[in-house]
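Worksheet: one structure, shown below.
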Amino acid sequence: TDVLRILGAILLLGNVEFTQSPDGTCKVQGEKELVSSAIQLGLSSRLLREVLLGTAGTGDGKSRLSPAVKINTTLKILSKALYTRLIGAVLRRINEQLQRFPSSSSPSSPVSGQEEEELKIIVADMFGFDTSNNGLEQFCTNWTAELMQQSYYE
């Protein structure tokens, strides 16, 4: 399915890294993964490589980042954008399917005038769970998550 192809492409992109050689050229490590990822996305590997390499020359010329760092950053941004769109598409599909079935937890009552509750899945993704920092920021993130979870159950 499309979901599995896109997820596969994202995972493959995680194994691609650009390095800069002493002569200033950028080389790809994970050539097979780059080609396979492009195929999964329905792109030519040449186009994907050209787009990524094209990001190295953009900017105001004052950046301290090497071209390889810029390309790798663009690669990460691309992966995150694909993942975000993928999750959004999956949630839309699930929510569309949920709308086909009446809610069994809140039947509509013609006498009381209550409306049937709309079924919906919502995903809350919060910054902080991807780090192993046990400081104040992590505490606040965890506390907020617990409060959000509690409000869903009430």
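No experiment lies behind these values; they were computed from the predicted model shown. Computed over heavy atoms, backbone and side chain alike; hydrogens, waters and symmetry mates excluded.
Legend: residues meeting salt bridge (charged side-chain N to carboxylate O under 4.0 Å, His left out) with Arg5, ordered by chain and number and at least two apart, are Asp2. Under the side-chain contact (heavy atoms from CB on, under 4.5 Å) criterion, Ile6 pairs with Ile10, Leu86, not counting sequence neighbours. Applying the side-chain contact (heavy atoms from CB on, under 4.5 Å) criterion to Thr84, with sequence neighbours excluded, gives no partner residue. For the side-chain contact (heavy atoms from CB on, under 4.5 Å) test, residues two or more places apart in sequence or in another chain that qualify with Leu78 are Leu13, Leu48, Leu82. Applying the side-chain contact (heavy atoms from CB on, under 4.5 Å) criterion to Leu47, with sequence neighbours excluded, gives Leu43, Ser44, Val51.
Across all non-hydrogen atoms, the minimal contact from Ser37 to Ala9 is OG-O, 3.1 Å.
From Asn15, atom CG reaches atom CD of Gln29 across 11.5 Å, with rounding to the nearest 0.5 Å. Taking OG of Ser79 as the reference point, atom CG of Leu12 lies at 10.0 Å (rounded to 0.5 Å).
Clustering of Ile, Leu, Val, Met, Phe, Trp and Tyr by side-chain heavy atoms under 4.5 Å joins Val35 with Ile39.
The pair Glu96-Arg92 fails the salt-bridge criterion, with no side-chain N (NZ, NE, NH1 or NH2) lying under 4.0 Å from an Asp/Glu carboxylate O.
The shortest distance between side-chain heavy atoms of Cys26 and Thr19 does not fall below 4.5 Å. Looking at Leu75 and Glu17, their side chains never come closer than 4.5 Å, going by heavy atoms from C-beta outward. In this structure the side chain of Phe18 reaches within 4.5 angstrom of the side chain of Leu53, judged on heavy atoms.
Grouping the Ile, Leu, Val, Met, Phe, Trp and Tyr side chains by contacts below 4.5 angstrom, directly or via other members, places Leu52 with Val28. Put simply, Ile87 and Leu7 are part of the same group of oily side chains (I, L, V, M, F, W, Y) that touch within less than 4.5 Å, one to the next.
A donor-acceptor pair under 3.5 Å is formed between the side chain of Thr73 and the backbone N or O of Val69.
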